[in-house]
Amino acid sequence: MAKEKSLMDVIVALAKRRGFVMPTSEIYGGIGSSYDYGPLGIELKRKLADLWWRDMVRSRENIVGIDSAIIYHPRTWEASGHVDGFVDPLVDCRQCKSRFKEDDLLEHAAKAKGIETPPIKENGLHLDPDSPEYAKLPCPNCGNRGTLTPPRAFNLMFKTFIGPVEEGASSVFLRPETAQGIYTDYPQVLNSTRLRPPFGIAQIGKAFRNEITPGNFIFRTREFEQMEMQYFIVPGTEDETIEFWKEERMRFWRETCGIREENLRFHTHGPDELAHYAKSAFDIEYQFPFGWSEFEGIHNRTDYDLKRHAEYSGKEKDLMYFDDQTRERYLPFIVETSAGLNRALLAILLDAYHEDEVDGNTRVVLKLDPKLAPYTAAILPLTKKDGLPEKARELFNSLKHEFNVFYDESGNIGRRYRRQDEAGTPFCFTVDHQTLEDGTVTIRDRDTLDQPDRPKMEQVINLLRDKVYA
Ligand code: GAP
């Protein structure tokens, strides 16, 4: 790889050039850390979401899906603890006017001194702002000491208004996680299904957080998509359930999505890292160019959320599960799996990026799993004459209803192959003069560059099915 550029820069440039991910509203100069998905990106994102849905919902008899609204009743967020607890303490430098999260400030100071960040105190802060230690902290930007304001709690939820009048009574929040819609819908889902614990409710959808330090491309943005599943279980079965889902989720990323094993690991949350709702939490981390970081969390949320919704809605009975066999009524416990679609997509792009040498030239290739590749195949007539385009279109038409295939007749064949390598297209089928004679085509494998036996045109569809539905 070009040494002078980091892998991250290379991916950001490739994503924009090839239409995977690009800055939003670019003609107006963009808006910080907001991105759009282009023609290749939307295919990759949809395929990843579909694979997750297939793995989590369609292939399991005890998990169903929903698609809830983004704006929930505002009491939801009081009950969930997000109004009080979903905050980041913020610090300003009076001198240079920079703004930091208290966490980042302390991490910076600790790194400079080679010491650990002090643990969080009961009030949610690491240090007492009136203490002499606090006064000695340097501003990470200008280095001055004694210029930092005391931390102020900043809620990460986006507030907006329903109706034309900006009054307190009509203010609502954009959801910062999709999970709460599942909890509040759960009694209705139970009424319309015959589920019994353990059972799950899944959803994929947008979530919004007014992040103070978004960055690293699509890793941390203010608007993103989550793929979440809430598993309702009998109290006391949390530990085995967590183990089950840890294994299942890791299998999904390794085997179904093809992320390399050496780039994946678990991280167990220490007591300081736990979200306000979690009793224990395990992250699945990817080795991003900026370090190991989480892209999915598996959390033991206990009965925290349902208990709080029972209290705030007064609908305790509705939220309890009635076991008609034991005649017992109880609040289920929840184990949640919560993945970021965009973050996972970034991990997949980074993991797929390869450079090799072909005929003395550097070849850029995205080794995406055929299940995820935006185009499953490209159909290329060798030349634009002799009836080859017509034959190639015939093949294209036989595939297009089932697969996203790309037809390309322009330019030299080597260049056309390279374009498909960069897009991650796993197979190219070339229609040549022999096709006119015996109905066979060449198949070029993106990763090995092999061109094994020529399949018949009518065999191509099954060949792709074997790769994509494996
Ligand atoms: N319901 C639990 C929950 O939301 P979380 O660890 O805060 O847990 C889950 O978020 C996942 O959502 C993360 O692992 C990450 O992949 C994704 N995520 C969270 N904040 C994000 C952000 N600002 N930008 C992109 N993805 C984000």
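In each ligand, atom 1 is the first atom listed, and ligand 1 is the first ligand listed. All of these numbers come straight from a predicted model, not from anything done at the bench. For reference, positions follow the sequence shown, starting with 1.
Taking 4.0 Å as the cut-off between side-chain N and carboxylate O, Glu177 and Arg301 count as a salt-bridged pair. The pair Asp92-Arg99 meets the salt-bridge criterion, with a side-chain N (NZ, NE, NH1 or NH2) lying under 4.0 Å from an Asp/Glu carboxylate O.
Under the side-chain contact (heavy atoms from CB on, under 4.5 Å) test applied with Phe20, the options Ile42, Leu345, Leu366, Val12 reduce to a single match, Leu366.
Stacking of Lys467 on the aromatic ring of Phe427 is not recorded, the 6.0 Å distance cut-off and the 45° axial limit not both being met.
In this structure, the ring of Phe288 has its center less than 6.0 angstrom from the ring center of Tyr286. Outside the 6.0 Å centre-distance limit, the rings of Phe244 and Tyr231 are not counted as a close aromatic pair.
Note on ring orientation: taking the six-membered ring where Trp is involved, the planes of Trp253 and Phe295 are perpendicular (angle over 60°, cut-offs 30° and 60°). Relative ring orientation between Phe232 and Tyr186 is described as parallel, the plane-to-plane angle staying below 30° on a 0-90° scale split at 30° and 60°.
Considering Ile182, Thr337, Thr221, Asn210 only, the shortest heavy-atom separation from atom 23 (N) of ligand 1 involves Thr221. Among Arg175, Glu225, Glu336, His269, the residue whose heavy atom sits closest to atom 2 (C) of ligand 1 is Glu336. Between Phe219, Phe208, Phe86, Tyr286, it is Phe219 that holds the heavy atom closest to atom 25 (C) of ligand 1.
Closest protein heavy atom to atom 17 (C) of ligand 1: Gly340 CA, 3.7 Å. Closest to atom 18 (N) of ligand 1, if we only count protein heavy atoms, is Phe224 CE1, 3.5 Å. At the top of the distance list for atom 13 (C) of ligand 1, counting protein heavy atoms only, stands Glu294 OE2, 3.3 Å. Among protein heavy atoms, the minimum distance from atom 15 (C) of ligand 1 is reached at Arg343 NH1, 3.5 Å. Remark: minimum distance from atom 9 (C) of ligand 1 to any protein heavy atom is reached at Ser338 OG, 3.0 Å. The nearest protein atom to atom 19 (C) of ligand 1, hydrogens excluded, is given as Arg209 NH1, 3.5 Å; this is a heavy-atom distance. Looking at atom 12 (O) of ligand 1, its nearest protein heavy atom turns out to be Gln226 NE2, 3.3 Å.
Counting non-hydrogen atoms of other residues, nucleotides and ligands closer than 6.0 Å to CD of Glu316 gives a total of 12 or fewer. Counting non-hydrogen atoms of neighbouring residues, nucleotides and ligands closer than 6.0 angstrom, the CG atom of Asp445 exceeds 12 such neighbours.
Remark: ligand 1 and Pro176 share no N or O pair separated by less than 3.5 Å (distance only, no angle test). Distances between N or O atoms of Arg220 and those of ligand 1 include no value under 3.5 Å.
Every atom of ligand 1 is numbered from 1 in the order shown, and the set under 4.0 Å from a heavy atom of Glu296 is 14 (O). Every atom of ligand 1 is numbered from 1 in the order shown, and the set under 4.0 Å from a heavy atom of Tyr277 is 2 (C), 3 (C), 8 (O). Distances below 4.0 Å separate heavy atoms of Glu177 from the following atoms of ligand 1: 1 (N), 2 (C), 3 (C), 4 (O). For ligand 1, the atoms lying closer than 4.0 Å to a non-hydrogen atom of Glu228 are 1 (N), 2 (C), 3 (C), 4 (O). Within the listing of ligand 1, atoms 14 (O), 16 (O) sit less than 4.0 angstrom from a heavy atom of Phe295.
Using 4.0 Å as the threshold, Arg301 has a heavy atom nearer than that to some atom of ligand 1. Judged by the shortest distance from any of its heavy atoms, Arg222 lies outside the 4.0 Å radius around the atoms of ligand 1.
Closest of all the heavy-atom pairs between Cys257 and Ile348 is CB-CD1, 4.3 Å.
Interatomic distance, Glu211 CD to Phe224 CZ, rounded to the nearest 0.5 Å: 6.5 Å.
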